[in-house]
Amino acid sequence: MPLKFELGPGRMIGGSNPCFIIAEIGQNHQGDIEIAKKMIKMAKDCGADCAKFQKSELEYKFNKRALERPYTSKHSWGKTYGDHKRHLEFSHEQYRELQKYAKEVGIFFTASGMDEMAVEFLDELDVPFFKVASCDANNFPYLELTAKKGRPMVISSGMQSMATMRRVYQTVKEHNQNFTILQCTSAYPLDPEDVNLCVIAEYQKEFPDIPIGYSGHERGISITVAAVAMGAKVVERHVTLDKSWKGNDHEASLEPSELTELVRAIRLVGRAQGTGIKQMLPCEKACHVKLGKSVVAKVAIPKGTVLSMDMLGVKVGEPRGVSPEDMAQLVGKAVTEDVEEDGSITPRMVDGYNNKG
């Protein structure tokens, strides 16, 4: 059974616990704190477990030339990439305001710390868990610093190889037992051919003592639901209020109706996954009574006859007789009474039959 741990206060993940659903608001809030609050409320209303943002301390995430480069995309909020990012970046005080609002709404609140100083701030903010973005999955000084904080971690694995992810696992595990790795492909929007859901199964084999999850950037909800059916214990999807808004992520995001349907479908799959124990369930009893088959006599069998396989057949019988799976146990045993042709062979009719009930 995969490791189980508390990702947020009172909310366990892994094992048979419900899939944890992260609504990734990221920077789809357009730099407007009121829109950000509406998105937190939307995530809660749609049934997600957590509303997540992206926090950067820009001078620690980018060097000067990266911030000064011209940014002329249709999605730009400024003449340079730095101007663009500053427009979208909330202050520490605004983050505290959003955290307070999320608490009032009743949903977990966290962010991806996009650099070491952002992690320090989020630790001070007392977020329930750290999210590691794909771009930092191979940033081993960052991973070590974050793991040593002792908070649970959710690590996306876009752009990485299995060899790198083995090293990620070893690095984090040395300092922190409570983490999950998410299969992810870093393209926006993501074509189905590049999703690679089979990596979930490979991660489950490589890292059997941690929960495995999925972070998706595809259109629609079907692939994410399939990831849950494959055993994903945490899923993350970008969300938006309007896909037509300015920003690279909106096209790969879910609008409220889609997020609602995703949550509904994930909870339905969770109910359907069951225990893994194969047995006849109470709901099947009626069908078994009506259509379950029994061993019957192909020919009339006089009392005292030693049974052979050519005397026996299988039909829906009345009364219920010996189960077909036990047919071989009857061979070589004598019947204790006459059995009519086509009659059910019941356990009491056969001397020495060990009835398993």
Side-chain angles (χ1 to χ4, degrees), residues 7-8 11 13 19-33 35-56 75 85 88-90 95 98-99 101-102 105 107-114 118-119 122 127-137 152-159 180-190 195 213-221 223-225 227-228 232-243 245-263 266:
L7 189 58
R11 182 60 161 87
I13 67 162
C19 180
F20 189 90
I21 302 170
I22 300 171
E24 162 69 304
I25 294 169
Q27 295 191 323
N28 280 353
H29 48 67
Q30 313 294 88
D32 186 321
I33 194 166
I35 291 177
K37 288 180 180 179
K38 287 180 181 177
M39 296 184 77
I40 291 172
K41 182 65 162 56
M42 178 267 282
K44 170 64 177 179
D45 290 345
C46 293
D49 293 290
C50 180
K52 190 186 81 65
F53 290 77
Q54 296 172 7
K55 181 72 187 94
S56 300
H75 299 301
K85 296 302 286 186
L88 294 171
E89 195 64 46
F90 289 137
Y95 260 85
L98 291 172
Q99 182 187 48
Y101 180 73
V105 168
I107 190 171
F108 290 117
F109 173 90
T110 194
S112 299
M114 307 301 284
V119 170
L122 293 172
V127 294
F129 64 90
F130 292 126
K131 171 65 199 301
V132 177
S134 291
C135 58
D136 280 308
M153 295 170 65
V154 175
I155 305 169
S156 280
S157 60
M159 303 178 285
T180 175
I181 291 174
L182 312 185
Q183 162 56 3
C184 177
T185 302
S186 298
Y188 307 80
L190 175 61
V195 172
Y214 174 70
S215 177
H217 305 127
E218 72 278 1
R219 297 178 178 90
I221 70 169
I223 290 171
T224 302
V225 175
V228 175
K233 303 301 183 182
V234 175
V235 298
E236 175 187 66
R237 288 296 305 269
H238 287 255
V239 298
T240 182
L241 295 179
D242 188 336
K243 291 183 185 182
W245 280 354
K246 183 190 295 188
N248 291 306
D249 291 344
H250 291 285
E251 192 177 352
S253 300
L254 302 178
E255 291 182 341
S257 61
E258 294 173 299
L259 180 59
T260 297
E261 180 58 19
L262 176 65
V263 173
I266 287 174

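Owing to the predicted nature of the structure, the values given are computational and were not obtained by experimental measurement.
Every residue two or more places apart in sequence or in another chain that forms a side chain to side chain contact (heavy atoms under 4.5 Å, CB included) with Lys85 is listed here: Gln27, Leu58, Phe62, Tyr81. Every salt bridge (charged side-chain N to carboxylate O under 4.0 Å, His left out) that Lys243 has, sequence neighbours left out, goes to Glu258. Contacts of Lys44 classified as side chain to side chain donor-acceptor pair (under 3.5 Å), with partners at least two apart in sequence or in another chain: none. Partners of Tyr101 according to the ring pair (Phe, Tyr, Trp, His ring centres under 6.0 Å) rule, which considers only residues two or more places apart in sequence or in another chain, do not exist here. Here Thr260 pairs with Cys46 under the side chain to side chain contact (heavy atoms under 4.5 Å, CB included) rule; sequence neighbours left out. Residues forming a side chain to side chain donor-acceptor pair (under 3.5 Å) with Asp49 (at least two apart in sequence, or on another chain): Arg11, Arg267. Scanning for ring pair (Phe, Tyr, Trp, His ring centres under 6.0 Å) contacts around Phe130 gives an empty result, with sequence neighbours left out. Contacts of Glu218 classified as side chain to side chain donor-acceptor pair (under 3.5 Å), with partners at least two apart in sequence or in another chain: Tyr214, Thr224, Arg237. Take Lys131 and apply the salt bridge (charged side-chain N to carboxylate O under 4.0 Å, His left out) test, not counting sequence neighbours, and it matches Glu236. Remark: Asp242 pairs with no residue by the salt bridge (charged side-chain N to carboxylate O under 4.0 Å, His left out) rule, at least two apart or across chains. In this view, Lys41 and Asp45 satisfy the salt bridge (charged side-chain N to carboxylate O under 4.0 Å, His left out) rule, not counting sequence neighbours. Partners of Asp136 according to the side chain to side chain contact (heavy atoms under 4.5 Å, CB included) rule, which considers only residues two or more places apart in sequence or in another chain, are Val132, Asn139, Tyr142.
Proximity of His217 to Thr185: side-chain heavy atoms (C-beta onward) are nowhere separated by under 4.5 Å. Residues Trp245 and Asn28 form no side-chain contact, since every pair of their non-hydrogen atoms from C-beta on lies 4.5 Å or further apart.
The aromatic rings of Phe109 and Phe53 are tilted relative to each other, their planes meeting at an angle between 30° and 60°.
In the displayed structure, Lys38 atom NZ is contacted under 6.0 Å by at most 12 heavy atoms of other residues, nucleotides or ligands.
For the atom pair OG (Ser112) and NZ (Lys55), the distance works out to 12.5 Å, reported to the nearest 0.5 Å.
A side-chain donor from one of His250 and Gln30 sits under 3.5 Å from a side-chain acceptor of the other.
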